[in-house]
Protein chains: 2
Amino acid sequence: VLTVKDLKQITVIGLGLLGGSVTLTAKSRLNGLKVAGYSHRDSTRQKAREKALADRVFDDIGESVAESELVILATPIFTFKDIFEKIAGSLKAGTIVTDVGSTKVLPEKWAKQSLPENVTYIGSHPIAGSEQRGLEYARDDLFENALCIVTADREHQQQSKLLEKFWSKLGCNVYELSPAEHDRVFANVSHLPHIIAAALINANTVSDLKWAGKGFIDTSRIASGPANIWSDILSANRENAIEGIKKTEKQLELLKNALEEDDKDKLEELLNKARSKRNTIIEDTIKNKGIVQ
Amino acid sequence: VLTVKDLKQITVIGLGLLGGSVTLTAKSRLNGLKVAGYSHRDSTRQKAREKALADRVFDDIGESVAESELVILATPIFTFKDIFEKIAGSLKAGTIVTDVGSTKVLPEKWAKQSLPENVTYIGSHPIAGSEQRGLEYARDDLFENALCIVTADREHQQQSKLLEKFWSKLGCNVYELSPAEHDRVFANVSHLPHIIAAALINANTVSDLKWAGKGFIDTSRIASGPANIWSDILSANRENAIEGIKKTEKQLELLKNALEEDDKDKLEELLNKARSKRNTIIEDTIKNKGIVQ
């Protein structure tokens, strides 16, 4: 298999919001491709069949991957190692294995440990639909203009290009980062805001929060995401998350010192630094990439 | 003067977004009331006259308040002391003086120091329009459903009720808090999110921020507010802001410890606490009060 057009069958393991959206979008946008699906839950398999989420939904994980040239894990990160082990014996030589996890170092480590040498693992991180859950929300436009990071690999350039093309056919804007760089960057711009938002809420009492307005609501929005998924993500990216907390603590110290010393100029300087950074860079980002997260 | 209907003239000092919106709204909603305005800037007075923001725009601050039964300061907090001193000799006996500042302890302290005993100071904090600036943005519906805190005073119940009625005629949902309670609560739900947002941005490099998505954008939104106004607000509420930072640092420590000890259950518990607090309380707040901030 050299290009997306040569793909005959793909398998998506895990049929929640992301997995279900991959199958639906692949079915509608990639003509002639057979889309297989698997879920470890009987009830999910039933629903997936009723909704015709895939061309075929398998009861057996090994059978589900046996005929596919591309296998996509769309389950929680900490299930990957187990799944790699379960499918290892059923994969065809040359198959590309990827995942949609929010961290990329651990999945790659587990893939190297557990997948056979004649298949290629390359990580993916399509950044879409973080607040809803379940195949009920799956849709064929979830990835439209979504950012997707692919941890492209110089030793497997052909497979990397195929995978990138696959995500771009699904509607994504695809960028390459190494697993380590991905995890460091997304600790800072995605995982850290989640930690900060949780700390802000937990620092407040229920009675004070009755006075919360739009500022607080927006600042804390992402803390409404599912706690189990986020504890997975943060645990899978511990060192970078810890590093991010330490950097934020340093910045909080600077602001606290300015207040303690009643140094209004310093305070304004720190606030202004944040303001101008946000206004220039982030609004550029919104304009240029249409990123959803 | 016993009720809003008995008011013959009010004066708004400072004709920016808030001040200009007070004059416009008072003109359109309070029949027969004369609305006077003052700005220390010649160019602002000119623009205010061109836009007919008030019935009369005065060049002299003393003259602007001399005939009014209600005087509203809508200038930066740290100008209040000076303004109180400037208008003290021109105020009529029985006049109510208020302000629209985002903190309430310092304005009250300055009022007690500088205003004559035959006038009554009661603080106001209408929470509206924090991100735009200047009379160009003034409008007569800015206060519609906005929260307004009045630091009502038991010794001046009649004047407190009149002031509350005034804000409610302008469209506000009015609540009473003491100055100390106001400053403590708003340090937590408004000033602290601003500090946190600034720390989050300043902890990140420009190149990492290129990858920022909607989560980061929302979490950091309020840091785009004007730095000089926010350094004023934070400086005017230093002790409470410092206390808020300390509480947040404690919560960050708990999250950092859970990560350092790789205690996923603890991590999920902390995230879940934040999630359920936000989902129940804050969504109630949005529904019940339609707060804008």
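Naming convention: chains lettered A, B, ... in sequence-line order (proteins, then strands); numbering from 1 in each chain.
- Interface remark: of the candidates A:S207, A:S276, A:A199, A:A199 forms the most heavy-atom pairs closer than 4.5 Å to chain B.
- Counting only distance, with no hydrogens or angles, the side chain of A:R275 and the backbone of B:A223 share no donor-acceptor pair below 3.5 Å.
- Heavy-atom minimum distance, A:V189 versus B:A212: CB-CA, 3.9 Å.
- Within 6.0 Å of CZ in B:F78 there are more than 12 heavy atoms belonging to other residues, nucleotides or ligands.
- Residue A:L259 comes nearest to B:S235 through the heavy atom pair CD2-N, 4.4 Å, listed as atom of the first residue, atom of the second, then distance.
- Looking at every heavy atom in both residues, A:I242 comes nearest to B:K256 through CG2-CG, 4.2 Å.
- The side-chain tip of B:K210 does not point at the ring of A:Y175 from less than 6.0 angstrom away and within 45° of straight on.
- Here the shortest heavy-atom pairing between B:L271 and A:A198 reads CD2-CB, 3.9 Å.
- The closest donor-acceptor contact from the side chain of B:R221 to the backbone of A:T219 lies at 3.5 Å or more, if one exists at all.
- Judged purely by distance below 3.5 Å, without hydrogens or angles, the side chains of B:S224 and A:R278 pair a donor atom with an acceptor atom.
- Partners of B:E239 under the salt bridge (Lys or Arg N to Asp or Glu O under 4.0 Å) rule, at least two apart in sequence or in another chain, do not exist in this structure.
- Annotation: maximal heavy-atom pairing with chain B below 4.5 Å, among A:A197, A:A258, A:A274, occurs at A:A274.
- Chain A forms the most heavy-atom pairs under 4.5 Å with one residue out of B:L255, B:N202, B:L252, B:V206, and that residue is B:N202.
- Going from atom CG of B:D208 over to atom CZ of A:F186 covers 9.5 Å, rounded to the nearest 0.5 Å.
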Query raised in the report: Run the side-chain contact (heavy atoms from CB on, under 4.5 Å) check on B:K273 and A:I201 step by step: do they pass?
Result: CA-CA 9 Å; B:K273 189 177 156 195; A:I201 296 172; over 6 Å; no
Query raised in the report: Would B:L192 and A:L200 count as a side-chain contact (heavy atoms from CB on, under 4.5 Å) if you check the C-alpha gap in whole Å, the side-chain angles of each, and the deciding distance to 0.1 Å?
Result: CA-CA 8 Å; B:L192 186 56; A:L200 173 64; 3.8 Å; yes
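- A pairwise comparison of heavy atoms in B:I149 and A:W211 identifies CD1-CZ3, 3.4 Å as the closest pair.
- Contact count versus chain B (heavy atoms, under 4.5 Å) is highest, among A:L177, A:N204, A:N272, for A:N204.
- Between chain B and the residues A:I195, A:I245, A:I196, the most heavy-atom pairs under 4.5 angstrom are made by A:I245.
- Pairing each heavy atom of A:R238 with each of B:E260, the nearest pair is NH2-O, 3.2 Å.
- Both the backbone and the side chain of A:D232 come within less than 4.5 Å of a heavy atom in chain B.
- A:I229 does not touch chain B: none of its heavy atoms, backbone or side chain, sits under 4.5 Å away.
- Taking chain A as the reference chain and counting heavy-atom pairs below 4.5 Å, the highest number among B:E269, B:H194, B:R184 is found for B:R184.
- In terms of heavy-atom pairs under 4.5 Å with chain A, the best-connected choice from B:N228, B:N188, B:V185, B:T248 is B:N188.
- Checked by atom type and distance alone, the side chain of B:K264 never pairs as donor or acceptor with a backbone atom of A:L234 at under 3.5 Å.
- The most heavy-atom pairs under 4.5 Å with chain A, out of B:D263, B:T205, B:D262, B:L267, come from B:D262.
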